[in-house]
J.: 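Take this structure first; my questions come after.
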Amino acid sequence: MDKIEAQKRIIKLRSEIARLRDAYHVKNAPNVTDDVYDSLTRELKTLLQKYPEFNDLNAPENRVAGKPLDKFIKVKHKVRMLSLNDVFSEEELYDWEKRIKKLLPPGKTLGVKGSQTPGVGEGMNYFCEVKFDGLAVSLIYENSKFIRGATRGDGFIGEDITENLKTINSIPLILNKPFPAYLEVRGEALMSKKTLIKLNLENEKEGKQLFANTRNAAAGSLRQLDPNLAKERHLDFVAYDLISEGLVKNSPAFALGDIGQGTHGSLNSLPNLRLHSEKHDMLRHLGFKVEKLEEKCKNLEEVIVFIKKFEKIRPDFPFGTDGIVISVDDLKLQEILGVVGKAPRYMAAFKYPAERATTVVKDILVNVGRTGVLTPLAVFDPTLVAGSTVSKATLHNMDQIERLDLRIGDTVVIEKAGDVIPKVVEVLIRMRTGKEKKFKMPTSCPTCGTKIEKKEDLVASFCPNPKCPAKNERYLEHFVSVFEIYELGPKILRRFKDEGLITDAADIFTLTKEDIAPLERFGEKSADNIVKEIENKKHITLSKFLWALGILHVGEETARDLAIHFGTLEKMMSSARTTLAEINSIENIGPAVSKSLHEFFNEKNNLNFIKKLEKNGVVIEKAEKKKAGKFTGMNFVLTGTLSTMSREIAKEKILNLGGKVVGSVSKNTSYVVTGAEPGSKFKTAEKLGVKILKEEEFLKLLK
Ligand code: IVH
């Protein structure tokens, strides 16, 4: 066979193999035996070995799913994967604009008047695109090849799901020319509404659990360790952002012109992208699927027109969506606006009003949470709202019940937005018959009977019993979810507890295959999976460890702030047990948190629990040492308004140089940076003789 014949044969083989695969996986109607299929595949492989020039990385044979994995490997994102701040109304959208306009240094406006950006009309401000409801993923390409894909995880560290992502046809395995030498593409992995219906029909037939929505189905599929299973789910991918080398660290925008040297076909420098919308054009060119429905808007009025237009199409849109993403289109302005907390200031997610439904409250139950807080729940017949069926809604606390004037038997309006637990928003008083009954909060814990207490800093009532079984159950669920031990769902945890296999969360880490396998409905394989997963999840970061402890008022963000400040558990504990001054000085941490930490770390049972976790193999990974810089060991306090940058940006710059930013001035403060109209911190600094820096001096120091 000569080269030309070989090429023809390769093309034929490819298309026939693709057809057979489709018949097998999609239509569920294999028309040849496996042997025939295998033999064609073998022939193709042999030919390609002989004529490697006909290798096509985007061809179906290269999407053959790899081997099942034991676990997903963690990967660190080069640039943090952020979230978006939501806006729920036109009014909130205008408030967002007002806030960001204020942050722009004098002289800059949101519009690109007089256009700094060639090709962009005067006053072009925003870019609108669909907000897909799937799973955020990051894809890495080196010299045009797809080398790794990962989940968002906590934004800093995700899981390597490359093999599963390779099974998605809309993810190019090789980029179109010209391409940058290094590229990260971000987007959403999705399951179409049609595919979900099909999958659920099959699952129903086989008595398997149904997926509540397309997002859960997409996430569940990508969490399969066996890529062959992921492949059968026919996922899709839409791209919405790209990041390339030359990226200015910690800056949302970056100089795409700085991309490093590429190999044949790559660009030494990409055309300088100046707009978010140009990134989308570039993504299309590189071979990604980017949603057609997007629009540049001159002002918020145009944005609102887009939002209304999409609202009409939304029910028939092929993918699940939960809003519109609005970006300041100009990348330079994005850079100036920066990021605050987990989300960029230059983007907002407009969420369509939550769907509402009415139902009759049959009863009010009281749930005991992991910190012992009692939450009343309204119970009703299964009701369809926002695409899923619910039968409970949170009532938060007694104050809320009184505010709503809710009684058992009332007809109520419930509301559910996306993933959020439904809530009761209104009582339809006119529907009353007179038979409705008032509800009283129990005076003793519905699970263990202990007398309920009220904390002065909480509206809620809570069960003070450390051994309360309900509290412990919720705590176990929280604990395994922070440790990401997905194999241990609430039912399994309860079972293990009932069987006496575990008494607390630390016992999870000593479970063996022999403990689990004999239990009815478990068996060798699932026991093995559980034990393997637990083993794999023993290493945890300090911030997650603190979060997992379930300390009152210490959520994910606070735990992260504490971990960054202290670096080790020992330092954090000794500080919390003795003086609270250091904890109180950390920005964003208030007295309620420090009080709670003080109580927690002075309780012998808690200290024993931590010791037991460590004894049972839990390892707190050393927090990555922050890069040392010229501010290492220095504490800064910021006061007043700076004219050249926002407070958040100033803080970021200090952190990047190794310094710390604290909330209050003490004699240990290295510098107090003052802007216009400084507060009392300025006076304290003067009194204590702490060095005060004016804005210009601070800017010099940063250089
Ligand atoms: S922009 C700054 N564009 O929404 C991070 N995100 O709520 C947002 N999402 O984690 C990137 N569609 O998974 C962007 N067209 C879109 C999006 C989108 C869906 C998701 C994304 C992100 C989440 C934030």
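Please read all numbers here as calculations on a predicted model, not as lab measurements. What's counted below: heavy atoms across the whole structure, side chains too, no hydrogens, waters or symmetry copies.
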J.: Could you check, using the six-membered ring where one of them is a Trp, whether Phe88 and Tyr352 have ring centers closer than 6.0 angstrom?
T.: no

J.: Would you call Glu295 and Lys309 a salt bridge, using N to O less than 4.0 angstrom?
T.: yes

J.: So is Arg223 actually on top of Tyr486's ring, under 6.0 Å and inside 45° of the axis?
T.: yes

J.: Check this for me: does any side-chain nitrogen of one of Arg560 and Asp154 sit under 4.0 Å from a carboxylate oxygen of the other?
T.: yes

J.: For Gly220 and Arg233, which heavy atoms make the closest approach, and how far apart are they?
T.: C-NH1, 4.3 Å

J.: Counting N and O atoms only, with roles assigned by atom type, does the side chain of Thr195 sit under 3.5 Å from a partner on the main chain of Met191, one being a donor and the other an acceptor?
T.: no

J.: List the residues meeting salt bridge (Lys or Arg N to Asp or Glu O under 4.0 Å) with Arg284, not counting sequence neighbours, and say none if there are none.
T.: Asp281, Glu294

J.: Do the non-hydrogen side-chain atoms of Glu535 and Lys532 ever get within less than 4.5 Å of each other?
T.: no

J.: Could you report the tightest heavy-atom contact between Phe350 and Ile326, atom names first, then the distance?
T.: CB-CD1, 3.8 Å

J.: Decide, yes or no, whether a salt bridge links Lys513 with Glu524 under the criterion of side-chain N to carboxylate O below 4.0 Å.
T.: yes

J.: Taking NZ, NE, NH1 and NH2 as the nitrogens, is one of them in Glu477 or Arg474 under 4.0 Å from a carboxylate oxygen of the other?
T.: yes

J.: Just do the side chain to side chain contact (heavy atoms under 4.5 Å, CB included) check on Glu484 and Glu159 with the steps written out, would you?
T.: CA-CA 11 Å; Glu484 297 177 15; Glu159 285 182 323; 4.0 Å; yes

J.: Identify the two heavy atoms, one from Gly550 and one from Arg370, that lie closest to each other, and give their separation to 0.1 Å.
T.: CA-NH1, 3.3 Å

J.: Just by modelled atom types, is the Val618 backbone N or O under 3.5 Å from a matching donor or acceptor in the His539 side chain?
T.: no

J.: Does the pair Lys78/Glu184 count as a salt bridge with the N-to-O cut at 4.0 Å?
T.: no

J.: If you count the non-hydrogen atoms of other residues, nucleotides and ligands that lie under 6.0 Å from NZ in Lys423, is the total more than 12?
T.: no

J.: Walk me through whether Tyr182 and Ile140 qualify under side chain to side chain contact (heavy atoms under 4.5 Å, CB included).
T.: CA-CA 8 Å; Tyr182 174 87; Ile140 308 288; 3.5 Å; yes

J.: For Asp498, is there an ion pair with Arg494 - N to carboxylate O distance below 4.0 angstrom?
T.: no

J.: Going by the angle between their ring planes, with limits at 30° and 60°, are Phe479 and Phe509 parallel, tilted or perpendicular?
T.: perpendicular

J.: Quick one: closest heavy-atom pair of Asp133 and Thr214, and the distance?
T.: O-OG1, 4.1 Å

J.: Would you mind checking if Lys166 and Glu163 are paired as a salt bridge, meaning a charged N to carboxylate O distance below 4.0 Å?
T.: yes

J.: side-chain contact (heavy atoms from CB on, under 4.5 Å) with Leu501: which of Ile508, Asp507, Leu519?
T.: Leu519

J.: Say whether, by atom type as modelled, one donor and one acceptor occur between the side chain of Thr162 and the main chain of Gly149 under 3.5 angstrom.
T.: yes

J.: For the pair Arg9 and Glu43, find out whether any cationic side-chain nitrogen is under 4.0 Å from an anionic carboxylate oxygen.
T.: yes

J.: Does the distance from a Lys or Arg side-chain N to an Asp or Glu carboxylate O, for Lys74 and Asp160, drop under 4.0 Å?
T.: no

J.: So, does Asp329 use its side chain to make a donor-acceptor pair with the main chain of His276 at under 3.5 Å?
T.: yes

J.: Assign the ring pair His478 / Trp547 to parallel, tilted or perpendicular, where the plane angle (0 to 90°) is split at 30° and 60°.
T.: perpendicular

J.: Could you walk me through whether Val75 and Ile157 pass the side chain to side chain contact (heavy atoms under 4.5 Å, CB included) check?
T.: CA-CA 6 Å; Val75 280; Ile157 294 174; over 6 Å; no

J.: Identify the heavy atoms of Pro227 and Asn164 that sit nearest to each other, and give their distance.
T.: CA-OD1, 3.1 Å

J.: If you take all heavy atoms of Val137 and Thr151, which pair is closest and at what distance?
T.: CG1-CA, 4.4 Å

J.: Are any side-chain N or O atoms of Tyr141 and backbone N or O atoms of Pro180, one a donor and one an acceptor, separated by less than 3.5 Å?
T.: no

J.: Checking Phe288 against Leu175 for the side chain to side chain contact (heavy atoms under 4.5 Å, CB included) test, could you report, in this order, the C-alpha distance in whole Å, the side-chain angles of both residues, the deciding distance, and whether it holds?
T.: CA-CA 9 Å; Phe288 291 93; Leu175 300 174; 3.5 Å; yes

